[in-house]
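Labels below follow one simple rule: chain letters A, B, ... track the order of the sequence lines, proteins then strands, and each chain is numbered from 1.
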There are 2 protein chains.
Amino acid sequence: MARASGGAVERRAVDKRRVILDAAVRVFARQGFHTCRVSDIADEAGVAYGLVYHYFKSKDEILDTLFLERWDILLSAIQEVDRQEIPVREKLFAIASFIVDSYRHDPELMKVIIVEVTRAANTFGRTHLAQIREAYDQIATIVARAQREGVLRSDVTADFAALAFYGAVEQVLTGWIFALLPTGEREYEEAKHLIVETICGGLERTEGQRPAAGSRD
Amino acid sequence: MARASGGAVERRAVDKRRVILDAAVRVFARQGFHTCRVSDIADEAGVAYGLVYHYFKSKDEILDTLFLERWDILLSAIQEVDRQEIPVREKLFAIASFIVDSYRHDPELMKVIIVEVTRAANTFGRTHLAQIREAYDQIATIVARAQREGVLRSDVTADFAALAFYGAVEQVLTGWIFALLPTGEREYEEAKHLIVETICGGLERTEGQRPAAGSRD
DNA sequence: CTCGTGATTGACTGACCAGTCAATCTGTCC
DNA sequence: GGACAGATTGACTGGTCAGTCAATCACGAG
């Protein structure tokens, strides 16, 4: 199937699959995975009900696909960041930036991934626990190296540090998703700095560091 | 109904309601709210199907009740902590302790609250967003006061600090719930310190603070 | 003993919806 | 043109379950 000559056919086929996936993002974001019907996705995509099952084995597989597509990109991005020869703080900033920018670029997709998979570890995320853990582990690796180099304190375990970092990021996205936090270009940039500042620098006022972003004493 | 003389009747009635609620916790924890059937709860409680609807308007109302009961206690606990005249760090430690101990005392209930409500803001938590926000706000208030007193830095907003703190706590509980993190008495105690240490002190190695692993000031 | 009220029972119903499938369409290849 | 393959359609089925309800029970009061 899909011989070299059949480019046009295959292109069209791939497109419909994509159309369905994109529609699913919108529907999941709007109604939630459990609440929506497969027919809602078909309607949103402007295709017949049955076509959804031509391209996907089940409703679950659609969410699955959406998550894995995006999570793989995230994992690659973290690895890429880790390869660079820059200070931890910059690595963490780069990771926070990547995730925040993902949200900026496609809030609906990120909403689905966070709300329906990452934060729904019971229902659906269970299947993907390994993937999610992989992200934690990569971050922990970055922290552990910095600890060995003496840049980060060692009495907070790397695993725990990764948890706290990821927790802050997820919490911020969740805040945006449910409008607990104001959104906007400025807020996105600010959040990146705040996350890294909080996790690396800590909340307590110290002598050494007071970079004060336009602040007064 | 429930005349003064009818103590025994009322007691029995209240008990069955409680039996159903407790059974629901076990069932929700084991199978998840969406996956379980009302008949599973009835079976677990050892009562007839219909009795569940005698005490609760709907399946949702059971989860509702469970969440609100517990969340009210949490909110009171935070307020109580805030009333005390102790340093921020100790206040945050007390809050972290309360939540960790809640988990220690009743992991199934906390699992249900975290997984099915708090982390499931889309499906169910939406109804309780205001309650959840209330907890954030109370924490933010504590941070804000400490900022005014000059104990905490002011370039990280109080709202954001609360988010990061709560995020760390929730992330740790989630780690325990899904066995990403080892559980046990020692781990529970350790977690309380790590959360506060990370959020207040930050991950970076500094001159002033270096309370090596086992020690306390 | 009898009445009444609330507790308790579990069979039943009505709605919903994921997934199936047989029919039809579209385009390619020879 | 004919035949084949995959794309596309949407009506239909089968199973699931939340919630209802009429019947029965348990017990206190008079």
Checklist entry - Could you state the OH-P distance from A:Tyr55 to D:dG6, rounded to the nearest angstrom? => result 12 Å

Checklist entry - Starting at NZ of B:Lys59 and ending at C1' of C:dC16, how long is that distance when rounded to a whole Å? => result 14 Å

Next on the checklist: Assuming nearest nucleotide by heavy-atom distance, tell me which of B:Gly46 and A:Ser39 is located more 5' along DNA chain C.
Outcome noted: B:Gly46

Checklist entry - Once the angle between the rings of A:Phe33 and A:Phe28 is folded into 0 to 90°, is it parallel (under 30°), tilted (30 to 60°) or perpendicular (over 60°)? => result perpendicular

Checklist entry - Out of D:dA18, C:dA18, C:dT8, which has the shortest distance to the side chain of A:Tyr49? => result C:dA18

Checklist entry - B:Tyr136 and ring pair (Phe, Tyr, Trp, His ring centres under 6.0 Å): which partner among B:Phe160, B:Tyr166, B:Phe165? => result B:Tyr166

Next on the checklist: In whole Å, I'd like the distance from the CD atom of B:Glu61 to the P atom of D:dG19.
Outcome noted: 10 Å

Item to check | Between C:dT8 (P) and B:Arg17 (CZ): distance, integer Å | outcome: 13 Å

Checklist outcome for this item: Of the candidates C:dT8, C:dG19, D:dT8, the side chain of B:Lys16 sits closest to C:dT8

Checklist entry - Taking NZ, NE, NH1 and NH2 as the nitrogens, is one of them in B:Glu69 or B:Arg18 under 4.0 Å from a carboxylate oxygen of the other? => result yes

Next on the checklist: So, does A:His54 get its side chain near the phosphate of D:dT8, meaning an N or O under 4.0 Å from OP1 or OP2?
Outcome noted: no

Item to check | B:Ala48 side-chain proximity, nearest of C:dT9, D:dT9, D:dG19 | outcome: C:dT9

Checklist outcome for this item: In whole angstroms, the gap separating C1' of C:dA11 from CG of B:Leu51 amounts to 16 Å

Checklist entry - Does B:Glu44 use its side chain to pair, donor to acceptor, with the backbone of B:Asp40 at less than 3.5 Å? => result no

Checklist entry - Rounding to a whole Å, what distance do you find between A:Asp43:CG and D:dT9:C1'? => result 13 Å

Item to check | Cation-pi, B:Tyr55 ring and B:Lys16 (6.0 angstrom, 45 degrees) | outcome: no

Next on the checklist: Rounding to an integer number of Å, can you tell me how far B:Ile41 CD1 sits from D:dG19 P?
Outcome noted: 11 Å

Checklist entry - A:Tyr53 side chain: which of C:dG19, C:dT9, C:dA7 is closest? => result C:dG19

Item to check | Atom-to-atom span, CG of A:Leu63 to C1' of C:dA18 - whole angstrom | outcome: 15 Å

